[in-house]
Amino acid sequence: MESHRTRVREALIRAALELTVERGWDGVRMADVGARAGVSRQTVYNEFGGREGLAEALAVSEVRRFAQRIRASLFGTGGDVRAAAYAAILLTLEEAARNPLVRAIVTSGRGGADELLPYLTTRSEIVLSEAGAVLTEWARVHLPSPAPATVALAVDSVIRLTVSHIMLPRDTSAGTAAALAEVFVRLLR
């Protein structure tokens, strides 16, 4: 059974997400997050410590939710390396283009407040670990022959390249997904 604290935390994260989409991260105030979730400003501070803690919780929540969608996409393709990589990368790129939070993060790095940007760049451990775990799990099930170090290199490389293309797209999502799927296949050889 879900505890009261867990429900409050999830409501606060949801409120922060909604406010970020509406106003941009720089327009999100702890008091407004609390009001939107139906709790006091102090409750928000007690739960997250401050804006940085709230930003991290928001990033972690969104990345974990998205990693489960990637997992379903990967496992839905079976063991075809190129098809799995293409499907996962395409889903990632298309979702990043549609997702209002990702758009807020990316555009913040282009002249606005950039407090959330590090969660895709310099503080991207959560993206690397969550997405990496999903890809590694898929590879363990479907690719018994590559050495773990080879899989780790391929997984890390394709995630970093995908994030790079989210930040600075060069081609269509489909074109980028095809190119990065080819990179993934070649790295696994």
Side-chain angles (χ1 to χ4, degrees), residues 1-74 88-137 155-156 158-169 173 176:
M1 192 158 143
E2 190 176 44
S3 74
H4 173 71
R5 182 172 182 208
T6 300
R7 284 192 307 274
V8 168
R9 184 176 181 83
E10 288 173 359
L12 291 168
I13 291 170
R14 197 169 35 258
L17 172 62
E18 292 168 2
L19 289 167
T20 301
V21 170
E22 289 171 17
R23 305 175 182 175
W25 180 249
D26 57 335
V28 174
R29 304 287 171 252
M30 300 296 265
D32 296 335
V33 172
R36 173 87 44 118
V39 299
S40 71
R41 176 178 148 270
Q42 188 58 49
T43 300
V44 184
Y45 278 101
N46 290 346
E47 188 61 39
F48 301 106
R51 281 179 54 86
E52 185 175 323
L54 179 59
E56 184 172 346
L58 178 58
V60 167
S61 174
E62 283 297 295
V63 168
R64 286 187 175 151
R65 183 188 61 75
F66 187 68
Q68 290 310 307
R69 292 186 59 211
I70 294 297
R71 185 182 188 284
S73 176
L74 281 168
I89 295 165
L90 183 62
L91 174 65
T92 302
L93 295 171
E94 288 178 342
E95 176 66 17
R98 273 191 308 267
N99 186 301
L101 179 62
V102 174
R103 275 199 316 266
I105 292 170
V106 170
T107 58
S108 74
R110 296 182 187 142
D114 61 1
E115 292 175 73
L116 293 177
L117 186 60
Y119 293 101
L120 284 179
T121 58
T122 58
R123 293 186 62 196
S124 61
E125 302 88 18
I126 184 66
V127 172
L128 294 172
S129 66
E130 292 290 327
V134 169
L135 281 166
T136 302
E137 176 192 6
V155 164
D156 186 70
V158 80
I159 292 169
R160 289 175 187 275
L161 288 168
T162 301
V163 169
S164 175
H165 282 275
I166 289 169
M167 297 302 299
L168 191 60
S173 294
T176 299

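When every heavy atom of A31 is checked against every heavy atom of R41, the shortest pair comes out as CB-CD, 3.6 Å. Taking all atoms of both residues into account, the shortest heavy-atom contact from A55 to W25 is CB-CZ2, 3.7 Å. The shortest heavy-atom contact between A88 and I70 is O-CD1, 3.5 Å.
The closest side-chain heavy-atom distance from F48 to I13 is below 4.5 Å. In this structure, R29 and R51 have side chains that are in contact, with non-hydrogen atoms separated by less than 4.5 Å. Looking at heavy atoms from C-beta onward, H165 lies out of side-chain contact with I89 at the 4.5 angstrom threshold.
Here CD1 of I166 is found 11.5 Å from CG of L161. Values are rounded to the nearest 0.5 Å. R71 contributes atom CZ, which lies 4.0 Å from atom CD of E137 (distance to the nearest 0.5 angstrom). Considering CG of L17 and CD of E22, their distance stands at 9.5 Å, rounded to 0.5 Å. We find the CG-CG distance between L58 and L12 to be 11.5 Å, quoted to the nearest 0.5 Å.
The backbone N or O of V158 lies less than 3.5 Å from a partner atom in the side chain of T162, making a donor-acceptor pair.
Considering only residues two or more places apart in sequence or on other chains, R23 meets the side chain to side chain donor-acceptor pair (under 3.5 Å) condition with D32. Residues passing the side chain to side chain donor-acceptor pair (under 3.5 Å) test with R69, sequence neighbours excluded: E95. For E94, there are no side chain to side chain donor-acceptor pair (under 3.5 Å) partners, not counting sequence neighbours. Residues satisfying the side chain to side chain donor-acceptor pair (under 3.5 Å) test with S40, not counting sequence neighbours, are T43. For E47, the salt bridge (charged side-chain N to carboxylate O under 4.0 Å, His left out) test picks out R5, R9, with sequence neighbours left out.
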- Task: Determine, step by step, whether T6 and S3 satisfy the side chain to side chain donor-acceptor pair (under 3.5 Å) criterion, reporting the C-alpha distance in whole Å, the side-chain angles of both residues, the deciding distance to 0.1 Å, and the verdict.
- Result: CA-CA 5 Å; T6 300; S3 74; 2.9 Å; yes

Listed pairs under 3.5 Å, donor-acceptor, residues 59-68 side chains, sequence neighbours left out:
unit_1: E62; atom_1: OE1; unit_2: R65; atom_2: NH2; d: 2.9
unit_1: R64; atom_1: NE; unit_2: E130; atom_2: OE2; d: 3.1

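T20 pairs with exactly one of V33, D26, V28 by the side-chain contact (heavy atoms from CB on, under 4.5 Å) rule, that one being V28.
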